[in-house]
Amino acid sequence: MTDESLILTDAAGQVREALAGLDTELTYTVSGQWPRSAPTGTVITVTELDNAQVSGLLVVDRLSFQIDLWGTDGDSLRALAPLVNTALLSLGLLRDYAGPLELERGNYFRKTFRFGRRVDKRSMRMID
């Protein structure tokens with residue numbers, strides 16, 4: 001797939017859809033909101049961090065997403081992490097950050113990724 005063919009029409013929706021379709025037997029849910037309390041299962045959250053003009057050109061935006069994996073089982077998150085990475089890269093987004101698997105208060109684990117890309121708003125093609 002070439003960069004010229006990578007088109008985002010609803011970036012947040014496409015990200016959630018890609019994450020919902022991971023090729024795994026692990027049970028998980030995809031959400032737009034962080035868990036309000038310690039998760040009881042595995043949850044993948046999608047947060048749109050940035051969707052703004054990044055240059056003097058009115059037609060260029062920067063899209064940026066944070067993907068967090070939450071769960072009580074660190075091994076499940078370790079198994080999901082490469083699948084999440086592959087899914088977002090296949091959309092044409094670039095990984096900006098991959099944090100460590102951290103044990104949070106409340107005895108649950110969290111792993112954070114950030115992905116982004118500049119987009120030409122006229123064609124919705126990724127350009128960097």
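Positions are given from 1 along the sequence.
- Using a 4.5 Å heavy-atom threshold, the side chains of I67 and T45 count as separate.
- Side-chain contact between L93 and F65 is present, with at least one heavy-atom pair separated by less than 4.5 Å.
- When all heavy atoms are compared, the tightest approach of D96 to G116 is OD2-N, 3.5 Å.
- To the nearest 0.5 angstrom, R78 atom CZ is 6.5 Å from F109 atom CZ.
- The one candidate from L101, L26, V84 that meets the side chain to side chain contact (heavy atoms under 4.5 Å, CB included) condition with L77 is L101.
- The number of heavy-atom neighbours closer than 6.0 Å to CD of E104, taken from other residues, nucleotides and ligands shown, is above 12.
- By the rule that hydrophobic residues join a cluster once side-chain heavy atoms approach within less than 4.5 Å of another member, Y108 and W34 end up as members of one cluster.
- Contact of the V43 side chain with the Y28 side chain is not registered, since no non-hydrogen atoms from C-beta on lie closer than 4.5 Å.
- Using a 4.5 Å heavy-atom cutoff, the side chains of L88 and R95 are not in contact.
- With hydrogens and angles ignored, the 3.5 Å screen pairs a side-chain donor or acceptor of S31 with a backbone N or O of Q33.
- Of the candidates R114, K111, R110, R110 is the only one forming a salt bridge (charged side-chain N to carboxylate O under 4.0 Å, His left out) with D68.
- Side chains of V46 and L19 form a contact here, defined as non-hydrogen atoms less than 4.5 Å apart.
- Checked against ring pair (Phe, Tyr, Trp, His ring centres under 6.0 Å), F113 has the following partners two or more places apart in sequence or in another chain: F115.
- Rounded to the nearest 0.5 angstrom, T112 OG1 and L69 CG are separated by 8.5 Å.
- By the 4.5 Å heavy-atom criterion applied to side chains, T29 and I44 are not counted as neighbours.
- Side-chain heavy atoms closer than 4.5 Å link hydrophobic residues (I, L, V, M, F, W, Y) into clusters, and following such links, possibly through other members, connects L89 to V30.
- No side-chain heavy atom of D73 sits under 4.5 Å from any side-chain heavy atom of T42.
- The heavy-atom pair separating A87 from A18 by the smallest distance is CB-O, 4.1 Å.
- Looking only at side-chain heavy atoms (C-beta outward), R117 and L63 stay at 4.5 Å or farther from each other.
- With hydrogens and angles ignored, the 3.5 Å screen pairs no side-chain donor or acceptor of T86 with any backbone N or O of L83.
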